[in-house]
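Reviewing the structure listed below.
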Amino acid sequence: MRRGAVVSAVLFGLVLSGCAKGGDTSSDESSGAASTDSALRTPVSGPWRTWTASVSAQEVAGTCAATAHQVVCGTGSGGIVGRSRAGGAVTWTVPGPGKGRSDNLVVDAADERAVTGVGRVLRTANLRTGKAAWTHRLVADRAYFGIRAASGTVYALDASSRTRGDVVLTAFRASDGRALWHHAVDADPTAGIAAFGGRVYVTDGTRVTARSAASGAALATSPQGTECPELLSAGRYLVCTGSPFSAGDVFPPVRRLDPATLEPLPTARDSGRLPARGLISDDGVLMLFETSAEDPGAGDWNAYDLLHGRKLWSYSTSTREGALAGGRFVTFTPEYDRSTRGRLISIDLHAGPQGTGTAAARMSAAYSQTRGGEHPVVLAPGGDTGHVVVMARTHGSLRSLPLP
């Protein structure tokens with residue numbers, strides 16, 4: 001199924017109820033709606049610890065992330081749950097407004113905000129207090145897709161279920177939800193948003209547009225012929241890849257773009273297979289999971305040096321799940337290898353799986369949460385926590401364990 005068909009199917013499948021076009025904004029803290037939220041149960045102090053905790057079916061249906069202070073999960077109903085780094089217990093909850101897709105969760109530790117977009121509702125929570133912060137509601141025929149947070153601003157792409165190509169990019173002030181600007185844009189709402197250096201970037205699949213973070217005014221576009229079905233970014237790096245939703249067997253090459261001019265920069269040649277997921281480290285290593293479009297599943301995590309335009313190393317496994325932590329790449333061992341399956345492996349970003357000494361690859365013990373049948377996801381809290389968190393979806397649970 002092509003990406004456009006995926007977008008249309010999701011939009012028309014949403015159960016939405018309406019209000020005035022342009023959406024409605026409410027500050028839950030000022031209106032008193034936050035009284036339905038649970039207060040912090042216990043203060044959390046000390047470092048990250050090793051623990052295991054069960055999670056609700058609503059959290060399993062959503063998406064989780066972690067900061068140096070806590071685990072945060074968006075629920076299938078659009079709610080937000082905060083969990084302690086000390087033991088995994090729930091410390092606060094923000095109830096959800098309804099039902100819908102919940103793969104949109106952004107956790108911005110710098111601005112103390114967690115943001116979810118489910119159906120037509122964009123909802124935020126204060127990470128420090130555990131209280132609902134503000135909410136935006138779209139009209140009945142629109143839904144939120146891409147979300148990004150940077151430098152005190154939340155960016156959101158929403159699209160119409162009635163008119164193909166009717167996509168709007170809106171910037172909200174993270175502190176109180178005030179709409180700063182909004183523009184109709186040429187963009188695929190599922191292709192990602194990048195924001196850094198005073199600019200925000202979107203792509204329509206064939207062209208990337210850079211806009212002013214302050215006003216939304218268009219500043220630059222990529223040259224004709226630069227295909228960009230998927231937009232990846234981290235730090236100061238901007239990368240175009242093929243879409244993981246593509247039904248074809250030919251994909252545009254990976255291209256690093258100049259953030260100022262959007263001109264293509266020299267980039268290492270990728271494998272030519274389906275790029276299913278990408279991560280970028282702060283020092284410019286692109287981790288790209290590449291698999292077969294005809295038979296997706298097992299594939300390779302390939303490491304590319306974006307600064308020097310060369311491939312560094314490859315690791316074959318059976319999952320697109322991975323994270324970056326402590327200068328290392330963390331993923332799950334392949335299910336087809338009976339001697340090592342069901343474990344986490346951490347690999348030095350530059351030395352690869354053949355590294356030696358302190359740069360050697362390291363494996364965890366086998367845990368129930370890391371088995372392939374649990375459909376596990378790995379989260380990296382960041383900072384100097386020295387831990388990672390694994391979420392098991394089959395039998396919902398979280399396990400915090402030391403970084404291998």
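None of these values were measured; they are calculated from a predicted model.
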When rounded to the nearest 0.5 angstrom, what distance separates OG1 in Thr170 from NE2 in His183? 9.5 Å
Can you name the nearest heavy-atom pair linking Thr50 to Pro402, along with the distance? OG1-CD, 3.6 Å
Value for CG (Leu306) from NE2 (His308), rounded to nearest 0.5 Å, stands at 11.0 Å
Would Val390 and Leu401 count as a side chain to side chain contact (heavy atoms under 4.5 Å, CB included) if you check the C-alpha gap in whole Å, the side-chain angles of each, and the deciding distance to 0.1 Å? CA-CA 8 Å; Val390 175; Leu401 63 147; 3.9 Å; yes
Taking every non-hydrogen atom, the tightest pair across Ser400 and Trp48: OG-CE3, 3.5 Å
Specify the closest pair of heavy atoms between Ala325 and Val330, including all atoms of both residues, with the distance to one decimal. CB-CG2, 4.4 Å
Can you see which heavy atom on Ile147 is nearest to which on Val154, and at what distance? CG2-CG1, 4.2 Å
Side-chain donor-acceptor contact under 3.5 Å, Arg341 with Ser318: no
Yes or no on side chain to side chain contact (heavy atoms under 4.5 Å, CB included) for Phe332 and Leu344, after CA distance, side-chain angles and deciding distance? CA-CA 5 Å; Phe332 298 97; Leu344 278 176; 3.4 Å; yes
Heavy atoms, side chains only, cut-off 4.5 Å: are Leu349 and Met287 in contact? yes
Distance check, rounded to the nearest 0.5 Å: Leu257 atom CG versus Tyr237 atom OH? 14.0 Å
Could you check whether any side-chain heavy atom of Leu324 comes within less than 4.5 Å of a side-chain heavy atom of Phe329, counting everything from C-beta outward? yes
Can you tell me if Arg256 uses its side chain to pair, donor with acceptor, with the backbone of Gly309 under 3.5 Å? no
Verify, without hydrogens or angle tests, whether Thr203 (side chain) and Pro229 (backbone) share a donor-acceptor contact under 3.5 angstrom. no
Taking Ala191's backbone N and O only, do any of them form a donor-acceptor pair with Ser243's side chain (distance below 3.5 Å, no angle check)? no
Ser161 backbone acceptor or donor facing Asp141 side chain under 3.5 Å: no
Walk me through it: do Gln369 and Met391 pass the test side chain to side chain contact (heavy atoms under 4.5 Å, CB included)? CA-CA 7 Å; Gln369 289 80 9; Met391 181 180 186; over 6 Å; no
Does a side-chain heavy-atom distance below 4.5 Å link Val115 with Asp108? no
Rounded to the nearest 0.5 Å, how far apart are CG of Leu262 and OG1 of Thr221? 7.0 Å
For the pair Glu290 (side chain) and Ser271 (backbone), establish whether a donor and an acceptor sit closer than 3.5 Å, ignoring hydrogens and angles. yes
Anything under 30° is parallel, anything over 60° is perpendicular, the rest tilted; go ahead and classify Trp134 against His136. perpendicular
Leu169 side, atom CG; Ile193 side, atom CD1 - distance, nearest 0.5 Å: 6.0 Å
Ring centers of Tyr201, Phe196 separated by less than 6.0 Å: yes
Say whether, by atom type as modelled, one donor and one acceptor occur between the side chain of His387 and the main chain of Thr385 under 3.5 angstrom. yes
Could you tell me whether the side chain of Val202 reaches within less than 4.5 Å of the side chain of Leu231, counting heavy atoms only? no
Can you name the closest pair of heavy atoms from Val285 and Ala303 and give their distance? CG1-CB, 4.2 Å
Going through the checks in order, is the side chain to side chain contact (heavy atoms under 4.5 Å, CB included) test met by Ile345 and Thr331? CA-CA 6 Å; Ile345 183 170; Thr331 190; 3.8 Å; yes
Check this for me: Asp282, atom CG, are more than 12 non-hydrogen atoms of other residues, nucleotides or ligands nearer than 6.0 Å? no
Under 4.5 Å between any side-chain heavy atoms of Pro244 and Glu230, yes or no? yes
Student check: side-chain heavy atoms of Met363 and Pro404 closer than 4.5 Å: no
From CA spacing to verdict: salt bridge (charged side-chain N to carboxylate O under 4.0 Å, His left out), Arg393, Glu321: CA-CA 13 Å; Arg393 293 189 179 276; Glu321 298 299 336; over 6 Å; no
Any donor-acceptor pair under 3.5 Å from Thr370 side chain to Tyr367 backbone: yes
His350 vs Leu312 side-chain heavy atoms within contact, under 4.5 Å: yes
Have Ser316 and Asp300 got a donor and an acceptor in their side chains that come within less than 3.5 Å? yes
Indicate whether any N or O donor in one side chain lies under 3.5 Å from an N or O acceptor in the other, for Thr75 and Ser77. yes
So how far is it from Thr394 OG1 to Glu374 CD, rounded to the nearest 0.5 Å? 4.5 Å
Heavy-atom neighbours of His182 NE2 exceed 12 at 6.0 Å: no
Indicate yes or no: at least one non-hydrogen side-chain atom of Asp270 is less than 4.5 angstrom from one of Pro275. no
For the backbone of Arg277 and the side chain of Arg320, can you confirm whether one donor and one acceptor N or O come within less than 3.5 Å of each other? no
Can a donor-acceptor pair be found, under 3.5 Å and without considering hydrogens, that links the side chain of Arg343 to the backbone of Ser364? yes
Quick one: does any side-chain atom of Trp181 pair with a main-chain N or O of Ala213 as donor and acceptor, under 3.5 Å? yes
Do you know which two heavy atoms are closest between Ala179 and Phe172, and how far apart they sit? CA-CD2, 3.9 Å
For Thr135 and Arg123, test the side chains for any donor-to-acceptor distance below 3.5 angstrom and give the result as yes or no. yes
Please determine whether the number of non-hydrogen atoms from other residues, nucleotides or ligands lying under 6.0 Å from atom CD of Glu294 exceeds 12. yes
